[in-house]
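Following: one structure in structure tokens, then a few remarks.
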Amino acid sequence: MNTFCRNIFRLSVRMNSTAAQSSKKLQGKVAIVTASTDGIGLAIARRLGQDGAKVMVSSRKQQNVDETVRQLKGEELEVEGIVCHVGKTEDRSKLISKTLEKFGGIDILVSNAAVNPTFGPMLECSEEVWDKIFDVNVKAAFLLTKEVFPHMEKRGGGSVIFNSSIGGYVPFSLLGPYSVSKTALIGLTKALVHQLAASNIRVNLIAPGIIQTKFSEQLHSNDMVSQIALQNIPLGRFGKPEECAGIVSFLASDDASYITGEGFIIAGGTTSRL
Ligand SMILES: NC(=O)c1ccc[n+]([C@@H]2O[C@H](COP(=O)([O-])OP(=O)(O)OC[C@H]3O[C@@H](n4cnc5c(N)ncnc54)[C@H](OP(=O)(O)O)[C@@H]3O)[C@@H](O)[C@H]2O)c1
């Protein structure tokens, strides 16, 4: 190949790769994903990055954040990271300021963090545990939405996605307070929809069934428990974190421009509602 042909070839490769990049549906968007150093949050952060977004990952432990940033940058994704315990006001504020500093705006918030420190009869739950569950699972989701709101407004719109649970629709009796906190996220979605819509910000939620992560280990790693659980899952298996990520990317994108105030169950057909 002579020099002229080589240059034409290089130019066409560059044009093709630019075209491929600009066809990514989240190109130019900036996303915050909380609790994104493992499990479902990590899968969502990776998928948003693969679909073209710049992603701020976060969780409580610096080591987990560093490892995740290293891993995702190694996959050629545009990510930064910061420690953020979502229940801490100062951490949330730093999460937002670092996102603005690194990426110049915020278009997408995936509020994914949750805790479940109790398992057993609901009336045995202490006030302290109840408060912790609601602080992290519900109050922080609300406060984060409130805190990103002015920045999304400046961009002319945005997309907020909460991670609820199928237990938010059909409470698990041995996970009572956790289930009620997830029902509260369904209420929060419905309650926020009008005010956010006025600023072209959509708000939706996902409600996973049993997804194989550390969080649900007691359900899927114990043979007896998992056999019982699997009887209620028509697809006959537990979900994988990646299976929660595509729908979040869709909801974050302009493909979902007329969808707000909705919940999407990802549970292999487990009965949840009509
Ligand atoms: N797995 C399921 O079956 C299932 C089903 C329905 C709904 N969900 C929901 O999915 C979400 C993620 O669960 P998962 O199964 O992916 O959990 P996971 O695999 O155990 O991952 C938990 C992640 O959350 C971070 N984290 C924990 N507490 C945090 C806090 N207070 N602030 C910020 N980050 C925190 C952890 O990192 P650090 O330790 O570094 O903080 C880690 O990155 C939760 O909202 C959960 O309720 C899960």
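Heads up: numbering here begins at 1 and tracks the sequence. Values in this document were obtained by computation on a predicted structure and should not be read as measured data. Both counts, for ligands and for their atoms, begin at 1 and track the order of listing.
Looking at Asn112, Val110, Leu219, Ile40 and measuring to atom 11 (C) of ligand 1, the nearest heavy atom belongs to Asn112. For atom 5 (C) of ligand 1, the nearest non-hydrogen atom from the set Cys84, Gly209, Gly39 belongs to Gly209. Looking at Val136, Asp135, Val86, it is Val86 that brings a heavy atom closest to atom 32 (N) of ligand 1.
No part of Leu42 comes within 4.0 Å of ligand 1, judged by heavy-atom distances. The side chain of Asn64, and not its backbone, has at least one atom closer than 4.0 Å to an atom of ligand 1 (non-hydrogen atoms only; side chain from C-beta on).
In this structure, the ring-ring contact (aromatic ring centres under 6.0 Å, His included) partners of Phe215, at least two apart in sequence or on a different chain, are Tyr178.
Atoms of ligand 1 found under 4.0 Å from any heavy atom of Lys61 (numbered from 1 in listed order, with element): 39 (O), 40 (O). Close contacts of ligand 1 with Ile210, meaning ligand atoms under 4.0 Å from a residue heavy atom, involve 3 (O). Interface atoms of ligand 1 facing Ser165, defined by a heavy-atom separation under 4.0 Å, are 6 (C), 7 (C). Listed by number with element, the atoms of ligand 1 under 4.0 angstrom from any heavy atom of Thr37 are 37 (O), 40 (O), 42 (C), 43 (O). Of all the atoms in ligand 1, the ones that sit under 4.0 Å from a non-hydrogen atom of Ser164 are 7 (C).
Nearest protein heavy-atom neighbour of atom 3 (O) of ligand 1: Ile211 N, 2.8 Å. Nearest protein heavy-atom neighbour of atom 15 (O) of ligand 1: Thr213 OG1, 2.5 Å. Closest to atom 10 (O) of ligand 1, if we only count protein heavy atoms, is Asn163 ND2, 2.9 Å. Protein heavy atom nearest atom 22 (C) of ligand 1, with residue, atom name and distance: Asp38 CB, 4.6 Å. In this structure, atom 23 (C) of ligand 1 lies nearest to the protein heavy atom Ala35 O, 3.8 Å. Ranking the protein heavy atoms by distance from atom 6 (C) of ligand 1 puts Pro208 O, 3.3 Å first. What sits closest to atom 17 (O) of ligand 1 on the protein, heavy atoms only, is Phe215 CB, 3.3 Å. In terms of protein heavy atoms, atom 38 (P) of ligand 1 is closest to Ser59 OG, 3.5 Å.
A continuous path of Ile, Leu, Val, Met, Phe, Trp and Tyr side chains, each step under 4.5 Å between heavy atoms, connects Val115 with Leu175, placing both in one hydrophobic cluster. Residues Ile201 and Ile186 share a single hydrophobic cluster, defined by chaining ILVMFWY side chains whose heavy atoms lie under 4.5 Å apart.
Residues Ser111 and Val160 are not in side-chain contact: their nearest non-hydrogen atoms beyond the backbone lie 4.5 Å or more apart. Leu48 has its side chain within reach of Val33: a pair of non-hydrogen atoms, C-beta onward, lies under 4.5 Å apart. Proximity of Thr145 to Val203: side-chain heavy atoms (C-beta onward) are nowhere separated by under 4.5 Å. Residues Thr37 and Arg60 form no side-chain contact, since every pair of their non-hydrogen atoms from C-beta on lies 4.5 Å or further apart.
Between Glu101 and Lys98, none of the side-chain N atoms (NZ, or NE/NH1/NH2) sits under 4.0 Å from a carboxylate O, so this pair counts as no salt bridge. Of the charged side-chain nitrogens involved, none lies within less than 4.0 Å of a carboxylate oxygen, so that Lys132 and Glu128 do not count as a salt-bridged pair.
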Side chain to side chain contact (heavy atoms under 4.5 Å, CB included) evaluation trace for Thr68 with Ser36: CA-CA 8 Å; Thr68 303; Ser36 44; 6.0 Å; no
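Residue Gln218 places its CD atom among 12 or fewer non-hydrogen atoms of other residues, nucleotides or ligands, all under 6.0 Å distant. Around atom CD of Gln195, no more than 12 heavy atoms belonging to other residues, nucleotides or ligands sit under 6.0 Å away.
A heavy-atom separation below 4.0 Å is not found between Gly239 and ligand 1. Ligand 1 lies within reach of Tyr178, whose nearest heavy atom is under 4.0 Å from it.
Some N or O of Lys182 is nearer than 3.5 Å to an N or O of ligand 1, by distance alone.
Note on residues 37-58: pairs passing salt bridge (charged side-chain N to carboxylate O under 4.0 Å, His left out), not counting sequence neighbours, are Lys25-Asp51, Asp38-Lys214, Arg46-Glu75, Arg47-Asp51.
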